[in-house]
J.: 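Could you have a look at this structure, given as structure tokens, before my questions?
Heads up: numbering here begins at 1 and tracks the sequence. In listed order, ligands and their atoms are each counted from 1.
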Amino acid sequence: MSGTRSVIAGVGSYLPERIVTNAQMSEFVDTSDDWIVERTGIRQRHIAADGEYTSDLAMAAGRRAIADAGLGVDDIDLVIVATATPDETFPATAVKVQAGLGITRGAAFDIQAVCSGFVYGLSIADNLIRGGMAKNLLLIGAETFSRILDWEDRTTCVLFGDGAGAVVVSGETGAGDRGIIASKLRSDGTKHDLLYVDGGPSTTQTTGKVRMRGKDVFKHAVNNLADIVEEVFEGTDLSPSDIDWIVPHQANRRILDATARKLGVSTDKVVMTVQDQGNTSAASVPLALDTAVRDGRIKRGDLLLLEAMGGGFTWGASLVRW
Ligand code: UT7
């Protein structure tokens with residue numbers, strides 16, 4: 001399908017109702033609002049209600065993205081959910097979402113790249129669409145990280161939150177330079193011990209809890225992200241100075257600022273939601289995208305850089321003309 005471009009036709013998101021502030025966190029773990037704000041920028045996070053699952057968050061975000069694209073469920077021919085917190089070990093959360101939304105065509109599957117899941121998904125979506133495998137693809141990043149946190153470990157539990165963000169990616173001809181321009185993905189399994197979950201079906205037969213050596217992850221994050229951004233521009237006639245908005249994974253305000261500085265991009269051009277949502281893993285990029293589209297910052301024709309880095313390590317970046 002030469003000439004077909006993958007265009008983000010709709011975007012939507014969902015955050016659980018319950019908000020937990022830093023002050024509330026400090027009532028049950030040895031931390032403080034000052035420490036969390038100074039080291040991370042986070043002020044609050046949303047936490048899913050009892051009985052509210054990753055698939056529920058995903059469906060709410062997915063419905064909004066489909067409506068935003070001006071489509072109906074019958075138009076969607078592929079569902080991809082990026083998540084590290086699926087409802088069950090199997091089947092894929094995407095299949096549950098497909099059924100829950102009433103989508104009867106095509107296929108549905110999950111991808112697992114932790115915090116980079118959405119950026120991985122965007123690259124997969126682009127290739128499936130340009131290869132003719134799908135016309136209107138629903139890509140969702142959805143997480144209930146609250147369920148895999150050790151709530152007694154202050155070095156991790158203050159950082160994460162729950163949420164979901166979704167896009168409809170459509171194949172269009174005659175879209176000009178609109179759509180996904182380029183993507184790059186990387187991973188490095190030798191860094192497993194810096195960020196992982198200490199359980200799983202094949203090892204412990206439990207779900208496990210998040211374990212992280214934060215300082216080490218921080219250093220790798222800034223360097224890896226700056227490198228992948230350089231790579232994603234290779235082969236295009238664009239450069240970081242052309243970026244209108246960086247829409248990054250929201251792990252830590254200091255990582256976002258440091259990465260922007262390294263790229264020579266003003267921090268004013270970074271969409272920042274970490275203060276309100278914490279780190280929502282695979283959901284954070286589409287949540288940030290939806291926020292900045294809704295509030296009018298991102299406009300048609302803008303050049304967006306989407307980037308993320310997470311457990312694995314995995315990392316990746318996409319350039320998108322809005
Ligand atoms: O999304 C996946 C990618 N994840 C990331 O990118 C996360 C990357 N890492 C980070 O964001 C930061 O490393 C953290 C926010 C996790 C930690 O910030 P830091 O500036 O690297 O702090 P640190 O780990 O060096 O800890 C400094 C001190 C320690 O105390 P001592 O040893 O100096 O006495 C910690 O025990 O802060 C202490 N500490 C806390 N104090 C209050 C750690 N967590 C807390 C806490 N409240 N929640």
J.: Is the shortest distance from a Lys or Arg side-chain nitrogen in Arg186 or Glu231 to a carboxylate oxygen in the other one below 4.0 Å?
T.: yes
J.: If the criterion is any heavy atom closer than 4.0 Å to an atom of ligand 1, which residues make the list?
T.: Asp30, Thr31, Trp35, Arg39, Thr40, Cys115, Arg154, Thr155, Val158, Leu159, Leu195, Met212, Gly214, Lys215, Val217, Phe218, His249, Ala251, Asn252, Arg254, Ile255, Asn279, Met309
J.: Clusters formed by hydrophobic residues whose side-chain heavy atoms approach within less than 4.5 Å: which one holds Val73, and what are its other members?
T.: Met59, Ile66, Leu71, Ile76, Val79, Val81, Val97, Leu101, Ile103, Leu138, Ile140, Val168
J.: Hey, quick one: are Val158 and Phe145 part of the same hydrophobic cluster, counting side-chain heavy atoms closer than 4.5 Å, chains of contacts allowed?
T.: yes
J.: Without placing hydrogens or testing angles, list every side-chain donor-acceptor pair under 3.5 Å for residues 286-294, not counting sequence neighbours.
T.:
unit_1 : atom_1 : unit_2 : atom_2 : d
Asp290 : OD1    : Arg294 : NE     : 3.0
Asp290 : OD1    : Arg294 : NH2    : 2.9
Asp290 : OD2    : Ser13  : N      : 3.2
Asp290 : OD2    : Ser13  : OG     : 2.6
Thr291 : OG1    : Leu287 : O      : 2.8
Arg294 : NH2    : Val11  : O      : 2.8

J.: Checking side-chain polar atoms at under 3.5 Å, does Asn136 have a donor or acceptor matched by the opposite partner on Ser170?
T.: yes
J.: Determine all donor-acceptor pairs shorter than 3.5 Å in which one atom belongs to a side chain in residues 301-309; sequence neighbours excluded.
T.:
unit_1 : atom_1 : unit_2 : atom_2 : d
Asp302 : OD2    : Trp245 : NE1    : 3.4
Asp302 : OD2    : Lys299 : N      : 2.8

